[in-house]
A.B. asks: 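Sending over a structure as structure tokens; questions will come in a sec.
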Amino acid sequence: MLATDSWQLTGRLRRALSVLVNGRNVEVHFGAPLRLRDLLDARGPALANRKTARLLRVHFRRIRTRVLGPDLSHRRTLIEGVARSPEVRRVIGELARSEKRSPQRLERRALRYGREIASSMSYPVLRFMDGLLRRLWNRLYDGVNVQGLARVKDLAGDHTLVYVPCHRSHIDYLLLSYVLYRDG
């Protein structure tokens, strides 16, 4: 647990321990170079410093989201926020009037759907499943080679992907999730 990836801020010692323990599972991302000359303008160095710091914060937050996925540390807060959003409240009101049901019951239903949809993710479990699924795919398919996944990967970086099973088994989205995780 000391070496797991998380959204919480960590110190240098914990990050170094994480690199040592995770070994081959460590990812290094090199982005496009940032031209500082483009950030300087006539308004002075203080404004340029704040502008650069804000730009880098946004950039690193996006990269972190791309690598770790969304921050699910406050899953309950996220689910309640969606269930109490104006759009969902409007739909609950409409359904309560049209179907003559209690709004409280419909709100509980919305919360139940939110808990069903929002993932509860653990990185140690994810790594365990990576090893298990790698063996399964290699045994079933003698390796996995998916073509034409570049567009999906580009979308996965800045958008939320929703996997919808289209067969009786769930193997299609398990395989797609695995390929995105391995090659992502």
Side-chain angles (χ1 to χ4, degrees), residues 1 3-10 18 22 25-27 29 57-138 140-141 144-184:
M1 293 305 286
T4 60
D5 295 324
S6 71
W7 272 89
Q8 69 188 31
L9 296 174
T10 59
S18 177
N22 290 319
N25 292 325
V26 173
E27 286 190 37
H29 292 262
R57 266 194 315 272
V58 169
H59 172 72
F60 289 131
R61 190 179 308 125
R62 283 184 182 155
I63 294 295
R64 186 175 213 172
T65 301
R66 182 175 256 177
V67 172
L68 294 178
D71 181 8
L72 298 176
S73 59
H74 305 290
R75 180 175 177 260
R76 181 181 45 84
T77 309
L78 173 73
I79 293 168
E80 289 175 1
V82 169
R84 288 177 176 76
S85 69
E87 297 84 8
V88 173
R89 307 242 354 122
R90 181 183 53 78
V91 170
I92 287 173
E94 289 174 6
L95 284 174
R97 283 189 296 279
S98 68
E99 296 180 5
K100 295 183 176 55
R101 293 180 134 181
S102 121
Q104 292 81 15
R105 186 173 183 177
L106 291 170
E107 187 173 324
R108 283 194 306 269
R109 183 191 212 179
L111 286 169
R112 191 173 63 241
Y113 285 156
R115 285 189 294 273
E116 188 177 308
I117 292 170
S119 64
S120 179
M121 196 168 88
S122 164
Y123 293 104
V125 171
L126 184 69
R127 287 194 185 101
F128 170 76
M129 293 302 293
D130 171 41
L132 183 73
L133 288 175
R134 184 181 321 120
R135 287 187 196 99
L136 175 69
W137 301 139
N138 287 329
L140 287 177
Y141 300 113
V144 176
N145 185 13
V146 178
Q147 307 245 335
L149 204 59
R151 179 151 162 69
V152 176
K153 285 182 192 175
D154 289 341
L155 290 172
D158 298 325
H159 297 81
T160 301
L161 296 180
V162 177
Y163 303 116
V164 180
C166 58
H167 301 98
R168 291 184 182 201
S169 74
H170 299 289
I171 201 145
D172 50 353
Y173 70 85
L174 284 175
L175 183 60
L176 181 60
S177 299
Y178 172 78
V179 170
L180 284 172
Y181 174 75
R182 292 303 307 163
D183 299 333

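By convention here, the first residue in the shown sequence is residue 1.
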A.B. asks: In Å, rounded to the nearest 0.5 Å, how long is the span from CZ of Arg89 to CG of Leu106?
C.D. replies: 10.5 Å

A.B. asks: Please round to the nearest 0.5 Å and tell me the distance separating atom CD of Glu107 and atom CD of Glu80.
C.D. replies: 9.0 Å

A.B. asks: So which atom in Arg109 and which in Arg101 form the shortest heavy-atom distance, rounded to 0.1 Å?
C.D. replies: NH1-NH1, 3.0 Å

A.B. asks: Using the rule given for salt bridge (charged side-chain N to carboxylate O under 4.0 Å, His left out), can you reason through Glu116 versus Arg112, listing the C-alpha separation, both sets of side-chain angles and the distance that settles it, and then say yes or no?
C.D. replies: CA-CA 6 Å; Glu116 188 177 308; Arg112 191 173 63 241; 5.8 Å; no

A.B. asks: Arg105: which residues meet the side-chain hydrogen bond (donor to acceptor under 3.5 Å, both in side chains) condition with it, sequence neighbours left out?
C.D. replies: none

A.B. asks: What's the spacing between Ile92 CD1 and Ser102 OG if we round to 0.5 Å?
C.D. replies: 10.0 Å

A.B. asks: Less than 4.5 Å apart, any side-chain heavy atom of Arg76 and any of Arg115?
C.D. replies: no

A.B. asks: Side chains of Arg84 and Leu111: does their closest heavy-atom pair fall under 4.5 Å?
C.D. replies: yes

A.B. asks: Where is the tightest heavy-atom contact between Ala110 and Val88, given as atom of each residue plus distance?
C.D. replies: CB-CG1, 4.3 Å

